[in-house]
Amino acid sequence: MQPFSVLFLIGLACISQVSGGKEISANGTFANRYYYNAINVSNGGPWGTWTWLDMCPEHYYAMGFSIKVEEYGGASDDTALNGIRLFCIKINSSSSTVYTVESDSGKFGQWSGITWCPTGFLISFQLRVERPQGIADDTSANNVKFRCSSGAIIERTGGSFGDYGGWSKACTRGSICGIETKQDPYHGPFVDDTMLNDVQFFCCD
């Protein structure tokens, strides 16, 4: 049996546990967890710097996510996607504890509800990014979508600008267990801000 098939079955068994589970912020506590691969995309925005890595605890894997998005404001400075949060559950356990994993997030917008893999765990992603607009307003990253180990593709409603690039490589064993974001920091009211520009995720056995 392939590793992703094992996680598919585990995810099917765990899906009833995650609703209403206790949420704990990982907040960098497990940043030293071993990962075997980092997965990324080629269409990330050009602004900002890579921030910190945040990881699920050992034996926990990302099964769901939410996004922080600033709604379109018309003539105002729009930043679209500001943050991505992962929701990690423990496999082979009756625990309903859910760890949240976030890295750095921008200051604008509201967090969405959680979207879960119907079965399985997150294994690859796409990023929707607006290309640089010159003297016009830049938003950079607008949305993200994930593929689950079951084959399902899940997405929230994000910003409407730009296009999705190609899929990242997929975790070949286990699933996504961590995140690191590339953030353009807030520059003040008279500078074009973009906030989240790029992201990479990490695969754990």
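Keep in mind that what you see is a predicted model, and the values were worked out from it rather than measured. Sequential numbering from 1 along the given sequence is applied to the chain's residues.
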Exercise for review: Kindly say whether Tyr72 contributes a backbone atom to a donor-acceptor pair with the side chain of Asp78 at under 3.5 angstrom?
Suggested key: no
Revision key, fill the gap. Under a side-chain separation threshold of 4.5 Å, the hydrophobic residues clustered together with Met195 are Phe108, Tyr186
Point to revise | Verify same cluster id: Ile67, Leu86 (apolar side-chain graph, 4.5 Å) | key: yes
Practice item. Can you run down the side chain to side chain donor-acceptor pair (under 3.5 Å) pairs that involve residues 32-45, sequence neighbours left out, and say none if there aren't any? Key: none
**Study point:** ring pair (Phe, Tyr, Trp, His ring centres under 6.0 Å): pairs with one or both residues in residues 130-157, sequence neighbours excluded
**Key:** Phe65-Phe146, Phe146-Phe201
**Study point:** Main-chain N/O of Arg131 paired with Gln133 side-chain donor or acceptor, under 3.5 Å
**Key:** yes
Exercise for review: Answer whether the closest heavy-atom distance between the side chains of Pro118 and Ile154 falls below 4.5 Å.
Suggested key: yes
Exercise for review: Identify which one of Leu81, Thr139, Thr194 satisfies the side chain to side chain contact (heavy atoms under 4.5 Å, CB included) criterion when paired with Glu130.
Suggested key: Thr139
Practice item. Using the test ring-ring contact (aromatic ring centres under 6.0 Å, His included), find all partners of Tyr164 that sit at least two apart in sequence or belong to another chain. Key: none
Practice item. Please check if the side chain of Thr181 supplies one atom and the backbone of Ser103 the other of a donor-acceptor pair under 3.5 Å. Key: no
Review point. Is a side-chain donor or acceptor of Arg128 paired with a backbone partner of Gly162 at a separation under 3.5 angstrom?
Key: yes
Study note, to complete from the structure: The reported gap from CD1 in Ile179 to CD1 in Ile84 (rounded to nearest 0.5 angstrom) is 5.0 Å
Practice item. Mind checking side-chain hydrogen bond (donor to acceptor under 3.5 Å, both in side chains) for His59 and listing every partner two or more places apart, or none if nothing turns up? Key: none
Review point. Under the side chain to side chain contact (heavy atoms under 4.5 Å, CB included) criterion, do Val98 and Cys88 qualify, and how do the steps go?
Key: CA-CA 6 Å; Val98 177; Cys88 308; 5.8 Å; no
Check your understanding: Rounded to the nearest 0.5 Å, how far apart are CD1 of Ile123 and OG of Ser175?
Key -> 8.5 Å
Practice item. Quick one: pull up SG in Cys171 and CD1 in Ile39 and give me the separation to the nearest 0.5 Å. Key: 4.5 Å
**Study point:** Atom pair CZ/OG of Phe125 and Ser168 - distance to nearest 0.5 Å
**Key:** 5.0 Å
Review point. Going only through I, L, V, M, F, W and Y residues with side-chain contacts under 4.5 Å, is there a path from Val41 to Leu122?
Key: yes
Exercise for review: Give a yes or no answer on whether the side chain of Asp54 reaches the backbone of Gly28 with a donor-acceptor pair at less than 3.5 Å.
Suggested key: yes
Exercise for review: Apply the side chain to side chain contact (heavy atoms under 4.5 Å, CB included) test between Asp104 and each candidate in Asn82, Thr51, Leu196; give the one that qualifies.
Suggested key: Thr51
Review point. Cys177-Cys204 sulfur separation below 2.5 Å?
Key: yes
Check your understanding: Pairs in or reaching into residues 136-160: which pass salt bridge (charged side-chain N to carboxylate O under 4.0 Å, His left out), with residues at least two apart or in two chains?
Key -> none
Practice item. Not counting sequence neighbours, which residues clear ring-ring contact (aromatic ring centres under 6.0 Å, His included) with Tyr99? List them please. Key: Phe30, Tyr60
Exercise for review: Please name all residues satisfying salt bridge (charged side-chain N to carboxylate O under 4.0 Å, His left out) with Glu70, sequence neighbours left out, ordered by chain then number.
Suggested key: none
Review point. What is the distance from atom CZ of Phe202 to atom SG of Cys56, rounded to the nearest 0.5 Å?
Key: 11.5 Å
Review point. Any link between Phe87 and Tyr61 through a network of hydrophobic side chains (Ile, Leu, Val, Met, Phe, Trp, Tyr) touching at under 4.5 Å?
Key: yes
Practice item. Would you please name every residue forming a side-chain contact (heavy atoms from CB on, under 4.5 Å) with Ser105, sequence neighbours left out? Key: Glu102, Trp111
Exercise for review: For residues 113-122, pull every pair meeting salt bridge (charged side-chain N to carboxylate O under 4.0 Å, His left out), keeping only residues two or more places apart or in separate chains.
Suggested key: none
**Study point:** Listed once per pair and sorted, the salt bridge (charged side-chain N to carboxylate O under 4.0 Å, His left out) pairs that draw on residues 109-125, sequence neighbours left out
**Key:** none
Review point. Going from CE on Met63 to SG on Cys148, what distance comes out if it is rounded to the nearest 0.5 angstrom?
Key: 8.0 Å
Review point. Do any N or O atoms from the side chain of Lys90 and from the backbone of Thr97 form a donor-acceptor pair under 3.5 angstrom?
Key: no
Practice item. Determine which pairs satisfy salt bridge (charged side-chain N to carboxylate O under 4.0 Å, His left out) with at least one residue from residues 192-205, sequence neighbours left out, and list them in order. Key: Arg173-Asp205
**Study point:** Closest contact, heavy atoms only, Gln200 versus Ala38
**Key:** OE1-CB, 3.9 Å
